[in-house]
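The first residue of the sequence shown is numbered 1, and numbering continues consecutively from there.
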Amino acid sequence: MADLPAPAASKAGAAIDELLSAPLNRREYVELHPVDKPQVVHCHPALRLLTAEGRQPEHSAEEWIGPHLGRIVDGDVSGARPAARRFVEPGVGRSCVAADIVFSSNDTPPGWPAAADFLLTGTGLTPYGAAGFVNVGRRLDGRLSLTRALYRKDCAERLSDAGCRTSLAVATLKLPGRPIDMPDGSVSAPAVLLRAFRSLVRVKQLDPIACALHSARHGLLALQYVLAEADRRLGATLPRGDVLRCALARAFEHYGPAELDLPALLGDIHASGAHALIRQIRLAIIQQAAAPLLARTVATLRAVRADADDDGRLDPDRLWTYSHWFSRQLGRQLGLFKQQRFLHDYHYPGIRRNGAWVYSLVENNVTLAAEFADLETGVFVDADIEHIRHHIQLSTDEILTLRRHYAALHQRDVQAAARVAHTLDTIVRLLCPHGGGAAQRVFAAAYRQASK
C-alpha cells in the first residue's frame with residue numbers, strides 16, 4: 001500500500017484548542033506513542049484522515065486507523081515511529097481531541113457536520129488526570145476496557161435509534177498489554193475508543209475555572225489567576241499574607257466539589273464581601289469564554305438544520321432561541337429515556353458500587369449540542385440480564401432492583417437534566433439578558449410531550 005499522507009494538525013477554522021484555552025490561555029497536550037499491532041474491532045466507513053493541506057484522501061479507514069489511532073501515552077517511546085501530539089480539553093482525565101479526522105463529505109451521517117468533533121478515550125492519563133484528579137469513584141489510570149468501550153457503542157446506538165442525541169462510537173481498537181481488572185473479578189483487554197460529537201464542548205466548559213477544579217494542580221493555577229484578577233480590580237497587589245487575600249482564597253473554595261461548583265456559583269445571587277468579588281470575577285470569565293463557544297455551536301447546529309423540526313428557529317442574534325432549543329432537546333430526550341426505561345447512571349443506594357461515586361448526569365457530560373457525551377454508566381434496565389451482567393458487572397439482584405424502582409430512579413435523571421438546562425440558560429442570560437429564563441418551563445413541556 002502507498003504511504004498515507006501526513007495528517008493535518010487540525011481542521012481548518014475549528015481552532016477548538018484556542019477557544020477552550022481562553023481566557024486562561026493555558027493549553028495541555030499529550031504525546032501519544034504507537035503500540036504494537038493494535039486490532040481494529042470496528043470503524044465507521046465514512047471516517048477520513050485530513051492531510052496537512054486539509055484535503056480528504058479516499059483511503060478507507062481500515063488502511064490508516066490502526067497505526068494512526070493505536071497510540072497511548074505509555075506506548076513505544078523509542079522514537080522508531082514519531083509520537084502524535086493531541087490537545088486535551090480542560091478538565092478531562094483520559095481523553096484527547098483527534099482534530100485531524102473528519103467524516104467523508106460524500107458519506108456524512110444524516111444530521112451531522114462533516115467536520116464533526118472527534119475524541120479519543122483510553123489513551124492514558126492527561127496532564128489533568130495525572131495531577132490529582134477529583135474522585136469519580138474509581139482510581140483513574142487513563143485506561144479503558146474493551147468491554148466498556150463496546151458497551152458505550154451499544155448504548156449510543158440504541159439511544160440514537162430511539163431519537164436521542166448522543167456521541168457516536170465510530171471506532172474501537174483493541175490494544176495489547178496488561179488486561180484491565182473488572183469489578184466482578186473478570187478481566188478485559190484495554191482499548192481506545194474514538195467518538196464523534198456534533199460539538200464536543202460540554203456545558204461545564206463554558207467556565208474555564210470550573211473545569212480546572214477537576215485537577216488539584218490546575219485548580220491551584222485557577223486560584224492564582226482569579227487572585228491576580230482581584231489584584232487588578234482592587235488596583236493593588238495583595239500581600240501574600242493579607243487578610244483579604246485569605247478571605248478571597250476561602251471564597252474561591254466556597255462553592256464545593258468540582259461537579260457542583262458551576263451551578264452553585266451561578267445560583268449564589270446573594271453573595272457579599274469576598275464571595276461577591278470572586279463571583280463577579282468568575283462570571284466575567286464565563287462571559288468571555290462562553291461567547292465564542294456558543295457562537296461556534298449555533299453556527300454548526302444551523303448548518304445541519306438541527307432546528308428543522310423544532311417549534312422555534314435558532315437565531316445567532318437572539319441567543320435565547322438557542323437556550324430554548326437546548327432545553328427542549330434535553331426535555332424531549334428524557335421523555336425518550338422514560339419510554340426506553342433507560343437510566344443515565346446505575347449508581348444508586350442499594351447498588352454495591354454506589355460508594356462515593358460522582359453522579360454522571362451533570363454539566364460535564366452534556367454537550368452544547370444537547371448530546372449525552374458519556375454513557376459508560378447508563379443502562380437499559382429491561383435489557384437481557386446476561387448482557388448487563390457481562391458489560392457493567394451488576395448482579396441479577398441489582399438489575400432487578402433497578403427494574404422495580406425505575407420510575408423513582410428516572411426522576412433523578414429528570415431533575416439532573418433540568419438542572420443542566422437551567423445552568424446553560426443562566427449562562428446564556430449573562431450574554432443575552434432579554435428573552436431567557438424559560439428553560440425550566442420549556443424543558444418540562446418537552447418532557448411531558450415525549451414521555452406520553
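A distance-only check finds no donor-acceptor pair linking the side chain of R48 to the backbone of S104 [under 3.5 Å]. Checked by atom type and distance alone, the side chain of T126 pairs as donor or acceptor with a backbone atom of V92 at under 3.5 Å. Of the possible polar contacts, one joining the Q287 side chain to the L430 backbone as a donor-acceptor pair under 3.5 Å is found. Counting only distance, with no hydrogens or angles, the side chain of Q440 and the backbone of A418 share a donor-acceptor pair below 3.5 Å. Not a single donor-acceptor pair under 3.5 Å links the side chain of Q449 to the backbone N or O of R332.
Taking both residues in full, the closest heavy atoms of S188 and L146 are given as OG-N, 3.2 Å, listed atom of the first, atom of the second, then distance. Residue A169 comes nearest to L193 through the heavy atom pair CB-CD1, 3.8 Å, listed as atom of the first residue, atom of the second, then distance. Scanning all heavy atoms of the two residues, the minimum distance from L424 to S323 falls at CD1-CA, 4.1 Å. Across R198 and G111, no two heavy atoms sit closer than the pair NE-O, 3.9 Å. Closest approach of F118 to L200, counting heavy atoms only: O-CD2, 4.2 Å. Heavy atoms only, all atoms of each residue included: F103 and P113 are closest at CD1-O, 3.8 Å.
When side chains are defined from C-beta on, I281 does not count as touching F252, because their heavy atoms never get closer than 4.5 Å. Residues E371 and T166 fail the side-chain proximity criterion, which asks for heavy atoms closer than 4.5 Å. Using a 4.5 Å cut-off on side-chain heavy atoms (C-beta onward), H254 and I278 make no contact. Side-chain contact check for L206 versus T423: every heavy-atom pair is 4.5 Å or farther apart. Q340 places a side-chain heavy atom less than 4.5 Å from the side chain of F380. Within the 4.5 Å cutoff, the side chain of S21 has heavy atoms near those of the F87 side chain. Taking the side chain as every heavy atom from C-beta outward, S360 and H347 never approach each other to under 4.5 Å. Taking the side chain as every heavy atom from C-beta outward, R341 and H410 never approach each other to under 4.5 Å.
A side-chain N or O of D184 and one of S186 form a donor-acceptor pair less than 3.5 Å apart. With no hydrogens or angles considered, no side-chain donor-acceptor pair links R412 and Q415 at under 3.5 Å. A donor and an acceptor atom, one from each side chain of S199 and T300, are nowhere located under 3.5 Å apart. In the model, Y359 has no side-chain atom that pairs as donor or acceptor with a side-chain atom of N365 under 3.5 Å.
Heavy atoms from other residues, nucleotides or ligands lying under 6.0 Å from NE2 of H275 number more than 12.
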Begin from the C-alpha positions of I388 and L402 and carry the test side-chain contact (heavy atoms from CB on, under 4.5 Å) through to its verdict. CA-CA 12 Å; I388 299 174; L402 295 178; over 6 Å; no
Could you please spell out the steps behind the salt bridge (charged side-chain N to carboxylate O under 4.0 Å, His left out) verdict for D261 and R282? CA-CA 11 Å; D261 171 81; R282 288 193 55 185; 2.5 Å; yes
Are R429 and D425 close enough, and set up right, to give a salt bridge (charged side-chain N to carboxylate O under 4.0 Å, His left out), and what steps lead you there? CA-CA 6 Å; R429 279 185 284 148; D425 185 64; 3.1 Å; yes
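Aromatic ring pairs are classed by plane angle as parallel below 30°, tilted from 30° to 60° and perpendicular above 60°; the pair H68 and W64 is perpendicular.
With sequence neighbours excluded, no residue satisfies ring pair (Phe, Tyr, Trp, His ring centres under 6.0 Å) with H390. Remark: F372 pairs with F337, H344 by the ring pair (Phe, Tyr, Trp, His ring centres under 6.0 Å) rule, at least two apart or across chains. Every residue two or more places apart in sequence or in another chain that forms a side chain to side chain donor-acceptor pair (under 3.5 Å) with R26 is listed here: E28.
A salt bridge links D117 with R296; the closest basic N to acidic carboxylate O contact falls under 4.0 Å.
Residues H387 and H391 place their aromatic rings such that the two centres sit under 6.0 Å apart.
The CG atom of L336 lies 12.0 Å from the NZ atom of K338; values are rounded to the nearest 0.5 Å.
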